[in-house]
There are 2 protein chains.
Amino acid sequence: MAGNSEQKASQIDWAAFMPGLALDAVIFGYHNGQLKILLLEYKNTPLFALPGGFIQQDEDLNNAAKRVLHERTALSNIYLEQFYVFGDLSRHNASQLKQIIVANGHFIDDSHWLLQRFISVGYYALIDFTKAIPTPDAISDSCQWFDITNLPPVMLEDHQEIIRKALETLQTDLDRKLIGFNLLPETFTMGDLQGLYETILGKPLLRPAFQRKMLSLGILERIAKKQTGMAHKAPYLYKFIGG
Amino acid sequence: MAGNSEQKASQIDWAAFMPGLALDAVIFGYHNGQLKILLLEYKNTPLFALPGGFIQQDEDLNNAAKRVLHERTALSNIYLEQFYVFGDLSRHNASQLKQIIVANGHFIDDSHWLLQRFISVGYYALIDFTKAIPTPDAISDSCQWFDITNLPPVMLEDHQEIIRKALETLQTDLDRKLIGFNLLPETFTMGDLQGLYETILGKPLLRPAFQRKMLSLGILERIAKKQTGMAHKAPYLYKFIGG
DNA sequence: CCAAAAGTGTTAAAGCTACACCCATGC
DNA sequence: GCATGGGTGTAGCTTTAACACTTTTGG
């Protein structure tokens, strides 16, 4: 849950949103052999949080998620999946929310639904790190990539748990569906792809087996014969062919 | 979405619930080689619907689902999973909802959230058919089992789609997690278990392979040596041992 | 020529498929 | 005995795992 409007809180038409309901997005990217996610840093607080937002009364839930993703990354056509709804009472932390609002110089009545208990739909997204343009929202100082193994210690509400569950879902989805390619640029080497799998699954894989398995799926097309530069045999470039 | 209170609509304290949010439960049972689900039939209408309910302001989302399941089946400790959140605007059908309310002799203001757009969390449950006591709610005439291959043609809103997606999820979960046993009594034969798998997956399985695979998992304990009665070799009884 | 990384070959183990076969029981 | 359903054995195929080997390129 995070502010999703570019306006000041006092100008927001809260009635345009569904009360008590939010969505949080765990946006994965892959760079330099690290799996990363996007986090916002709230103004004047030491709090980090997942990008999120509210659902407009006249908006499909999944479209609200797409909108949030576009606002934070400037990307469209993103791979996006619901993975869990977080609806425990214990995740509610009114004082933390109030701290954020106050730190932004706004006031809100204690009875407002924004300070009450929330139910939040968790989404995870896979994007091409090189194409995203991280963009903070109105109540945040920054929107930055964090290595999944090195997250800030203090996070909003249960966002640590949401991230954990998102990663768990990504790990089990990775070899059931063919989604890994969404984290890479259009063209990539087999080494890139293997590194991605190893990073997500957290274990080394054998190169010959990995190569054969990927090629046997028939979803990779070998593009250029060679790449440039290094002190060893140049790898082939591949691209994903939807299929 | 369905009425979940035992009171008359006019007596219900609507403020006790989270507005715009509901849950729907696809409750699976297995009997006589058929996969079945529980459906409610609304009073004075030809409409069938999934059991469902609202989330109380002071209630965990998952506990609300457990409560609904207990109200409709008299069972506790049910196997229960979230599988999708249905949040499209197109699922909204105000006239259908109003029809149900009117058919129950109640009145409600058109601006009430009950007649507005809803977001619904889909759950599926696996229960022992022989133990459930189907119980209608206050606005329903009946709560009955329906063969999944022979559902009523007219159902509330997008409940057909919810059921389709629940079945799809059950099929993919069936051999990823060890959940089939939740649909059978404590003891069962290998034939029962195979029939269950065949019914859910919609295809025949080879007996030797199935038997070996199940036994190799180490989650079945062979109980009684024999069963009684039929014109052939008596099968062993097995029970599930949580691993 | 050597180190490093890419890619292919090869063999053994493991798993799955399909069918054949034996067991127990009621008619 | 024979039909019926339960349970085991086994041969053949496919998949996976592990390692050896060749290829390319900069130093």
Side-chain angles (χ1 to χ4, degrees), chain A residues 30 32-33 171-172 174-178 180-181 184-185 187-241, chain B residues 30 32-34 171-172 174-178 180-181 184-241:
Chain A
Y30 180 71
N32 286 340
Q171 286 170 338
T172 63
L174 188 61
D175 39 27
R176 262 185 342 116
K177 313 172 186 176
L178 302 171
F181 316 99
L184 293 173
T187 63
F188 47 86
T189 68
M190 194 58 76
D192 293 335
L193 189 59
Q194 184 179 345
L196 170 65
Y197 269 70
E198 289 178 335
T199 303
I200 293 176
L201 299 177
K203 64 180 180 190
L205 301 171
L206 294 169
R207 175 155 300 237
F210 184 80
Q211 172 128 347
R212 265 187 284 267
K213 189 173 171 185
M214 285 298 145
L215 293 179
S216 74
L217 295 172
I219 51 167
L220 292 184
E221 188 185 342
R222 193 174 271 185
I223 294 290
K225 276 219 180 102
K226 319 258 162 165
Q227 212 185 13
T228 42
M230 308 282 283
H232 50 74
K233 183 175 178 179
Y236 290 98
L237 285 178
Y238 296 88
K239 85 171 186 187
F240 173 70
I241 46 173
Chain B
Y30 180 70
N32 287 338
Q34 293 180 326
Q171 286 170 339
T172 62
L174 188 61
D175 40 26
R176 262 185 343 116
K177 312 171 185 177
L178 302 170
F181 316 98
L184 294 172
E186 279 97 24
T187 64
F188 47 86
T189 68
M190 194 58 77
D192 293 335
L193 189 59
Q194 185 178 345
L196 171 64
Y197 270 69
E198 289 177 337
T199 303
I200 293 177
L201 299 177
K203 63 179 180 188
L205 302 171
L206 294 170
R207 176 155 297 238
F210 184 81
Q211 172 126 348
R212 266 187 284 265
K213 188 173 170 183
M214 285 297 145
L215 292 180
S216 73
L217 295 173
I219 52 167
L220 292 184
E221 188 184 341
R222 194 173 271 184
I223 294 289
K225 276 221 179 101
K226 320 256 160 166
Q227 209 186 13
T228 43
M230 308 282 282
H232 50 73
K233 182 175 178 179
Y236 290 98
L237 286 177
Y238 296 89
K239 85 171 186 187
F240 173 70
I241 46 172

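So that the names make sense, note that chain A is the first sequence line, chain B the second, and so on, each numbered from 1.
Counting to the nearest Å, the P atom of C:dG15 and the CG atom of B:Asp175 are 17 Å from each other. Whole-Å rounding puts the B:Lys233 NZ to D:dG5 C1' distance at 10 Å. The CD-P distance, from B:Glu198 to D:dG5, rounds to 13 Å in whole Å. Following rounding to the nearest Å, A:Tyr236 (OH) and C:dT8 (C1') show an atom-to-atom distance of 10 Å. Atom-to-atom, CG of A:Leu193 to P of C:dA5 comes out at 18 Å; the value is rounded to the nearest Å. We find that CE of B:Met190 is positioned 12 Å from C1' of D:dT8, with the value rounded to whole Å. Here D:dG6 presents its C1' atom at 16 Å from CZ of B:Phe188, a figure rounded to the nearest Å. Atom CD of A:Gln194 and atom C1' of D:dA17 are 14 Å apart (whole Å).
A distance of 11.0 Å separates OH in A:Tyr197 from CD in A:Gln194, rounded to the nearest 0.5 Å. Summarising the geometry, atom CG belonging to B:Leu237 is positioned 8.0 Å from atom CD1 belonging to B:Ile223; distances are rounded to the nearest 0.5 Å. In this structure, CG in A:Leu193 is found 10.0 Å from CD in A:Gln211, a value given to the nearest 0.5 Å.
Comparing B:His232 and B:Tyr238 by the nucleotide of DNA chain D that holds the closest heavy atom to each, the one mapping nearer the 5' end is B:His232. Position along DNA chain C of the nearest nucleotide to A:Ala231 versus A:Leu215 favours A:Ala231 as the more 5'-ward residue.
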Stepwise side-chain contact (heavy atoms from CB on, under 4.5 Å) test for A:Gln171 and A:Ile200:
CA-CA 6 Å; A:Gln171 286 170 338; A:Ile200 293 176; 4.0 Å; yes

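Within the helix from C:dC1-D:dG27 to C:dC27-D:dG1, the inter-axis angle between the opening and closing five-pair segments is 20°, rounded to 10°.
Only A:Arg207, A:Pro208, A:Gln211, A:Arg212, listed by number, bring a heavy atom of residues 203-213 of chain A to less than 4.0 angstrom from any atom of DNA chain C.
Side-chain N or O atoms of A:Tyr236 include none that pairs as donor or acceptor with a backbone N or O of A:Arg222 at under 3.5 Å. With B:Glu198 contributing its side chain and B:Leu205 its backbone, the two residues share a donor-acceptor pair below 3.5 Å. Side-chain atoms of A:Tyr238 never come within 3.5 Å of backbone atoms of A:Leu220 as a donor-acceptor pair (strictly under, hydrogens ignored).
Between B:Phe240 and B:Phe181, the ring-plane angle classifies as parallel under the 30° and 60° cut-offs.
The number of heavy-atom neighbours closer than 6.0 Å to NZ of B:Lys203, taken from other residues, nucleotides and ligands shown, is 12 or below.
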